[in-house]
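Inspection log for the structure reproduced underneath, given as structure tokens.
Quick note: residue numbers are just sequence positions, from 1.
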Amino acid sequence: MPEKNYPWTFFDLRGWCIMTFMITLGIYIRHTSWVSPFFIAFFYIGLGSALFLTGLRFFYFYLYSLRCPK
């Protein structure tokens, strides 16, 4: 029987600290207008494109695994 996974066990303590720092820094940068809105828009377009393409890749490999089981 597989062991039960909980959402908070996805990262270790170091990973949670890095994630918290990154989220806090992102909120701070947006709130203080430290960088231009053009940079933020350009960054979000790049990040969104990368995440979308990665999602397509996962979907492709999922369909491939259904078609060609080991």
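For residues 12-21, no pair satisfies side-chain hydrogen bond (donor to acceptor under 3.5 Å, both in side chains), with sequence neighbours left out. Counting only residues at least two apart or in different chains, side-chain hydrogen bond (donor to acceptor under 3.5 Å, both in side chains) contacts with residues 46-59 are absent.
The hydrophobic cluster around L66 extends to F59, Y62, L63, counting ILVMFWY residues whose side-chain heavy atoms fall within less than 4.5 Å of a member.
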Throw together a table of side-chain donor-acceptor distances under 3.5 angstrom for residues 28-36, partners on residues two or more places apart or in other chains.
unit_1, atom_1, unit_2, atom_2, d
R30, NH1, Y44, OH, 3.4
T32, OG1, Y28, O, 2.8
S36, OG, F39, N, 3.3

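Taking the side chain as every heavy atom from C-beta outward, C17 and F21 never approach each other to under 4.5 Å.
For L47, the side-chain contact (heavy atoms from CB on, under 4.5 Å) partners are F43, L51, not counting sequence neighbours. With sequence neighbours excluded, the residues forming a side-chain contact (heavy atoms from CB on, under 4.5 Å) with L56 are F52, L53, listed by chain and number.
The aromatic rings of Y64 and F61 stand perpendicular to each other, their planes meeting at an angle above 60°, with 30° marking the opposite boundary.
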